[in-house]
Amino acid sequence: MAGGWTRDGNIQDQIDDTVADAVKLARARIPVGEGEIHCQECGEEIPEARRRALPGARTCVPCQSALDRSPAFSPYNRRGSKDSQLK
């Protein structure tokens, strides 16, 4: 499929790079090292099962769920380019 001035496959390369960057970012956010016994957010004890399942855990499940629901910064610009908006 032709993509204007881009070479064939360029769009797929961009998608692949975006996915690879997202995977790297997610892996970088996985806690490493010694975890906490008490939640850094609320101070409650983190259950032993969670500490075994996720070494390096620093929050309890309810606090981590709340953190996961909060909006996060995205390093990717999902808006169209100015050139595509002018057409």
Side-chain angles (χ1 to χ4, degrees):
M1 174 170 83
W5 294 100
T6 63
R7 66 176 179 80
D8 287 344
N10 196 31
I11 293 172
Q12 186 61 48
D13 291 344
Q14 182 179 3
I15 292 169
D16 292 343
D17 289 343
T18 301
V19 170
D21 289 344
V23 169
K24 287 179 190 174
L25 182 63
R27 285 184 176 158
R29 290 182 177 169
I30 294 174
V32 294
E34 183 109 7
E36 299 289 332
I37 295 175
H38 293 90
C39 177
Q40 289 181 341
E41 296 291 318
C42 68
E44 293 293 319
E45 184 175 347
I46 299 172
E48 177 67 28
R50 176 168 170 78
R51 289 185 279 149
R52 274 188 276 123
L54 185 64
R58 289 171 170 60
T59 55
C60 63
V61 174
C63 290
Q64 187 62 50
S65 296
L67 289 171
D68 290 343
R69 281 191 302 271
S70 65
F73 168 75
S74 175
Y76 307 108
N77 180 1
R78 298 291 183 203
R79 295 178 290 152
S81 68
K82 290 181 182 177
D83 292 337
S84 67
Q85 294 173 6
L86 295 174
K87 293 181 182 178

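Listed here is the closest heavy atom pair of Cys60 and Cys39: N-SG, 3.4 Å. Of all heavy-atom pairs between His38 and Gly43, the closest is CD2-O, 3.5 Å.
Sorted by first and then second residue, the pairs that involve residues 47-62 and meet side-chain hydrogen bond (donor to acceptor under 3.5 Å, both in side chains), not counting sequence neighbours, are Glu48-Arg51, Thr59-Gln64.
The number of heavy atoms from other shown groups lying within 6.0 Å of CD (Gln40) is above 12. Within 6.0 Å of the CD1 atom in Ile15, the count of heavy atoms belonging to other residues, nucleotides or ligands exceeds 12.
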**OP:** I would like to know whether Asn10 and Gln14 meet side chain to side chain donor-acceptor pair (under 3.5 Å); could you show each step before the answer?
**Re:** CA-CA 6 Å; Asn10 196 31; Gln14 182 179 3; over 6 Å; no
